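Worksheet: the structure to be examined is printed underneath.
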Amino acid sequence: MSAEKISVKQARSPESIGKTVKIEGWLRTRRDSKAGFSFLEINDGSCLGNLQVIANADLPNYEQQIKSLNTGASLCVIGELKESGGKCQATELVASSLVVYGEADPETYPLQKKRHSFEKLREWAHLRPRTNTFGAVARVRNCICNSIHQFFQEQEFLYVHTPIITASDCEGAGAMFQVTTLNLDVIAQKQIQQLDYKQDFFGRRAYLTVSGQLEGETFACALGKIYTFGPTFRAEKSNTTRHLAEFWMIEPEMAFYELEDNMALAEAFIKRIARDALTKCPEDMALFNEHIEPGLIAALQNVVDSQFVRLPYTEAIELLAASGQTFEYPVKWGVDLQSEHERFLTEQQFKSPVILYNYPRTLKPFYMYCNDDGKTVRGMDVLVPRVGEIIGGSQREHRLDMLEARMAEQGIPAEDYWWYADLRRFGTVPHSGFGLGLERAVQFITGMTNIRDVIPFPRFPGSVEF
RNA sequence: GCCCUUGUAGCUCAGUCGGUAGAGCAACGGACUGUUAAUCCGUGUGUCCUAGGUUCGAGCCCUAGCGGGGGCGCCA
């Protein structure tokens, strides 16, 4: 028999009725009817829904094998797709042959038909993609990544790969993981006090990157518009629902863009990601809307349709001070905004994404463009409901004298950044960029509350099991 | 790093006043003419996180440690 291999997603479509097909996937549940057949539900990850398979008793391995199949078993089914007699699906596959690739012993297989807590599923990170929610997260995450590339490629941005191992501390964005080939055990045995990094692999100290921004700027200052999309590392011992030690970051960098252009790009970018998730993953988004975050779809549609609020830091402080709210951390000009303040602005005051900009220069790193008032810099943060800061960016300081002054002000050794300063020395241009944390975007789109559940294998303090 | 909370069956949890542990689900066996997290009947299941301590007696009280979750800080 010639049978075309198709996905469960294709097989669930009424257009496939009448075809003889081959389906391969994993069993989710089995229901027997003593009328002499069993219902098998197969999932292959191509979509949220399962394919219902009718396994009749005349199959040669029905009594021996099929009747004792359990959740988790892997199968190959060949048969004809028919219109389903049931109400919950359009199609069903009537098996003419069923091969079991591998069984899943119900005594030891951890996953059940019923739902598990996300906390428990984190202990089975290797099996959790087999569940509805994590399958949906994986598909939406993929959709978001695809949107990101399309969004930039359509506008003639170049995808640039910035290094993962770096010598520069970049922006002081956080504690860094050190990369070394020095033998720590030997060093400990010999009780060496002073390490000679000239003996190390790179001849000096090296780290995992905390941002590709500075390297990205070098390409923007040659090729115009670029973006990076890669892994990023922070050795902070952060224990929250929105921090990871290893995460993925998207960093566009654009020559000839000022802060307003940067804000416009960031807004269009977020809207594009949300719109694509809603239109391309309706089934998965419906699951999140129903089981994870009620009202999610309406809220995202509102994000797509509305204008983001743009609020200078100084006005935000005035607004918070006049709000009548009591905050744990009092607000006054010059202090950094805390989570509670950001949450108030985006969740209560405006009920929409908010772009805060023009921060006090003392709060922000040396590379941000200094405004004429001498007090503020052209930095911006995009805050969204539930997640908080999803994007951080700025117009970059492109005036050499100002950059050097700011480095001195913040105690940054200029000699380490000679190549960065060269961009200002030779053909400097106004330019801007921002960084989007992919996992925070996935949280925002899916409504998942813990960032550890939107990345396949989360890294956080004390955790590298998988 | 700080604060709060939690740890009991494969999973979710209950466990009163300190008297040596029990529900639902899953699993297994059976029933059922098309089911949809099927339904109904029956069966089994324990290092009560670990180590000390108090007590005639500890799942329960005390101390320390370890693990999980949440909040804060750092940020994306």
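Keep in mind that this is a model prediction, so the values were computed, not measured. Proteins get letters first, then strands, A, B, ... in listed order; numbering begins at 1 in each.
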>> Classify the ring geometry of A/Y159 against A/H161: parallel below 30°, tilted from 30° to 60°, perpendicular beyond 60°.
In response: tilted
> With a 4.0 Å cut-off on heavy atoms, is A/L244 in touch with a base, just the backbone sugar-phosphate, or nothing at all?
Replying inline: base
>> With a 3.5 Å distance limit and no angle check, can you tell me whether A/T346 reaches the backbone of A/S352 through a side-chain donor-acceptor pair?
In response: yes
> When you check the side-chain N and O atoms of A/D381 and A/Y359, is any donor under 3.5 Å from an acceptor?
Replying inline: yes
> If you measure from CG on A/L81 to OG1 on A/T20, what distance do you get to the nearest 0.5 Å?
Replying inline: 8.5 Å
>> Between A/F37 and A/Y62, is the ring centroid distance below 6.0 Å?
In response: no
> Does any donor atom in the side chain of A/E217 or A/H431 lie under 3.5 Å from an acceptor atom in the other side chain?
Replying inline: yes
> Can a salt bridge be assigned to the pair A/E258 and A/R378 using a cut-off of 4.0 Å between side-chain N and carboxylate O?
Replying inline: yes
>> Taking the P atom in each of B/rG70 and B/rG53, what is the distance between them to the nearest angstrom?
In response: 36 Å
>> Given the ring of A/Y357, does A/R310 sit roughly above its face, with NZ or CZ under 6.0 Å from the centre of the six-membered ring and within 45° of the axis?
In response: no
>> Using atom C1' in both nucleotides, what's the gap between B/rG29 and B/rU16 to the nearest angstrom?
In response: 37 Å
>> Taking only the C1' atom of each, what is the distance from B/rC17 to B/rC74 in whole angstrom?
In response: 48 Å
>> Taking the ring centre of each residue, are A/F233 and A/Y207 less than 6.0 Å apart?
In response: no
> Checking all strands, does A/E107 fall into the base, sugar-phosphate, or nothing category for heavy-atom contacts under 4.0 angstrom?
Replying inline: sugar-phosphate
> Using atom P of each nucleotide, how far apart are B/rG57 and B/rU20 to the nearest Å?
Replying inline: 15 Å
>> Between B/rC40 and B/rU6, how far apart are the two P atoms, rounded to whole Å?
In response: 34 Å
>> A/L311 vs A/I355, test: side-chain contact (heavy atoms from CB on, under 4.5 Å). Steps then yes/no.
In response: CA-CA 6 Å; A/L311 191 65; A/I355 307 182; over 6 Å; no
>> From NE2 of A/H341 over to C1' of B/rC72, roughly how many Å is that when rounded to an integer?
In response: 12 Å
>> Can you tell me whether the base of B/rU20 sits syn or anti, using the 90° cut around 0 to define syn?
In response: syn
> Below 3.5 Å, does any donor atom in the side chain of A/H243 face an acceptor in the base of B/rC75, or the other way round?
Replying inline: yes
Kindly give the atom pairs (protein nitrogen or oxygen, nucleotide nitrogen or oxygen) under 3.5 Å for nucleotides 42-48 of chain B.
none

>> Rounding to an integer number of angstrom, what distance separates B/rU33 and B/rA37 when you compare their C1' atoms?
In response: 22 Å
>> One thing to verify: whether A/R12 and A/E283 come together as a salt bridge, which I'm taking to mean a side-chain N less than 4.0 angstrom from a carboxylate O.
In response: yes
> How long is the line joining CD1 of A/I451 and C1' of B/rG70, in whole Å?
Replying inline: 16 Å
Taking only N/O atoms, report every protein-nucleotides 31-37 of chain B pair under 3.5 Å with atom names and distance.
residue	atom	partner	partner atom	Å
B/rC32	N4	A/K34	NZ	3.1
B/rG34	OP1	A/S33	OG	3.3
B/rG34	N1	A/E92	OE2	2.9
B/rG34	N2	A/E92	OE1	2.5
B/rG34	N2	A/E92	OE2	3.1
B/rU35	O2'	A/R31	NE	3.1
B/rU35	O2	A/R31	NE	2.6
B/rU35	O2	A/R31	NH2	2.7
B/rU35	N3	A/Q52	OE1	2.8
B/rU35	N3	A/Q52	NE2	3.1
B/rU35	O4	A/Q52	NE2	2.6
B/rU35	O4	A/Q89	NE2	3.4
B/rU36	O2	A/Q89	OE1	3.1
B/rU36	N3	A/Q89	OE1	3.4
B/rU36	N3	A/Q89	NE2	3.2
B/rU36	O4	A/K87	N	3.0

>> For the P atoms, the ones on B/rA26 and on B/rC11, what distance do you get once it is rounded to whole angstrom?
In response: 15 Å
Show me, pair by pair, the donor-acceptor contacts under 3.5 angstrom made by side chains of residues 382-394 of chain A, not counting sequence neighbours?
residue	atom	partner	partner atom	Å
A/R386	NH2	A/Q443	O	3.4
A/R386	NH2	A/F444	O	2.4
A/S394	OG	A/R396	NH1	2.6

>> Between A/E347 and A/K351, does any NZ, NE, NH1 or NH2 come within less than 4.0 Å of an OD or OE carboxylate oxygen?
In response: no
> At under 4.0 Å, does any side-chain N or O of A/N70 touch on OP1 or OP2 of B/rC28?
Replying inline: yes
Protein-nucleic acid N or O pairs under 3.5 Å, nucleotides 65-69 of chain B:
residue	atom	partner	partner atom	Å
B/rG69	OP1	A/R122	NH1	2.5

>> Expressed as a whole number of angstroms, how long is the span from A/F233:CZ to B/rC75:C1'?
In response: 16 Å
>> Please confirm whether the shortest side-chain N or O distance from A/S339 to OP1 or OP2 of B/rG73 is below 4.0 Å.
In response: yes
>> If you assign A/I390 and A/K120 each to the RNA chain B nucleotide with the nearest heavy atom, which residue ends up on the more 5' nucleotide?
In response: A/K120
> Could you give the CZ-to-P distance, from A/F177 to B/rC75, as a whole number of Å?
Replying inline: 17 Å
>> With a 4.0 Å cut-off on N to O distance, would you call A/R128 and A/D453 a salt bridge?
In response: yes
>> Rounded to whole Å, please give me the gap between NZ in A/K67 and P in B/rC28.
In response: 12 Å
> When the P atoms of B/rA23 and B/rU45 are considered, how many whole Å apart are they?
Replying inline: 13 Å
> A/I250 has an atom CD1; how far is it from atom C1' of B/rA76, in whole Å?
Replying inline: 10 Å
> What does A/T232 touch in the nucleic acid at a heavy-atom separation under 4.0 angstrom: a base, only the sugar-phosphate, or nothing?
Replying inline: nothing
>> Closer than 4.0 angstrom, basic N to acidic O: yes or no for A/K120 and A/E123?
In response: yes
> How many Å lie between CG on A/N239 and P on B/rC4, as a whole number?
Replying inline: 16 Å
> Heavy atoms under 4.0 Å, any strand shown: does A/F434 hit a base, just sugar-phosphate, or nothing?
Replying inline: nothing
>> In this structure, which stretches of RNA chain B are paired as stems of three or more consecutive Watson-Crick or G-U pairs, both distances less than 3.5 Å?
In response: B:1-7 with B:66-72, B:10-13 with B:22-25, B:27-31 with B:39-43, B:49-53 with B:61-65
Table please: side-chain donor-acceptor pairs of residues 325-332 of chain A below 3.5 Å, with sequence neighbours left out.
none

> Within less than 4.0 Å of OP1 or OP2 of B/rC72, is there a side-chain N or O belonging to A/Q338?
Replying inline: no
>> From CD of A/E439 over to P of B/rC75, roughly how many Å is that when rounded to an integer?
In response: 19 Å
